[in-house]
Amino acid sequence: MKPTIAIVATKGVKLSRRLREYVSHRLSLALDRKQYSIQAMKVRISDQNGPKGGIDKHCQIQLTLPGLPTVVVTEKGNDVAAMVDQAAHRAAQAIDRLLSRAKSIRHTKYTVPISEAALI
């Protein structure tokens, strides 16, 4: 099952249909092999200074995984597409690290010593 992707533009950013499709496509490419574990994705794109310009746009990707902490990646820049690319790449790396840690912890087995009284 594919996760839901919520794309939210705030603080003076207007996202065209084409840019929304690009964000959705880019996230699904970057996180394709990890989608089995992702419940929901939320992307927030904001412009801190509005029409003044400069490197003031922010892209935040929030990934919700079942039974694991939420992964949040933030990228800053002036080109929305480049920010989304970089944030998606970093989100994939963060999920890899999180899942490998969870897997290594899950596979660690603790043995309980059996007393002689329990065997009788």
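Note that the numbering runs from 1 along the sequence shown for the chain.
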Could you tell me if the side chain of [Y] sits less than 4.5 Å from the side chain of [X], heavy atoms only?
{"X": "Ile95", "Y": "Leu65", "result": "yes"}
{"X": "Leu98", "Y": "Pro69", "result": "yes"}
{"X": "Leu27", "Y": "Met41", "result": "yes"}
{"X": "Glu21", "Y": "Arg17", "result": "yes"}
{"X": "Gln62", "Y": "Val71", "result": "no"}

inquiry  = Between His89 and Gln93, do the side chains contain a donor N or O and an acceptor N or O under 3.5 Å apart?
reply    = yes

request  = With Leu63 as reference, evaluate Val43, Val72, Thr70, Leu31 under the side-chain contact (heavy atoms from CB on, under 4.5 Å) test and give the passing residue.
outcome  = Leu31

message = Out of the candidates Glu75, Lys76, Met83, Arg44, only one should pair with His58 under the side-chain contact (heavy atoms from CB on, under 4.5 Å) rule; please name it.
response =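 Between His58 and the candidates, side-chain contact (heavy atoms from CB on, under 4.5 Å) is satisfied uniquely by Lys76.
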
Which heavy atom in [X] sits nearest to a heavy atom in [Y], and how many Å separate them?
{"X": "Ile61", "Y": "Ala87", "result": "CD1-CB, 3.5 Å"}
{"X": "Val80", "Y": "Lys57", "result": "CG2-CD, 3.9 Å"}
{"X": "Ala30", "Y": "Ala92", "result": "O-CB, 3.6 Å"}

Roughly how far, to the nearest 0.5 Å, is [atom2] of [Y] from [atom1] of [X]?
{"X": "Cys59", "Y": "Asp79", "atom1": "SG", "atom2": "CG", "answer": "11.0 Å"}
{"X": "Ser28", "Y": "Arg26", "atom1": "OG", "atom2": "CZ", "answer": "9.5 Å"}
{"X": "Tyr22", "Y": "Asp85", "atom1": "OH", "atom2": "CG", "answer": "3.0 Å"}

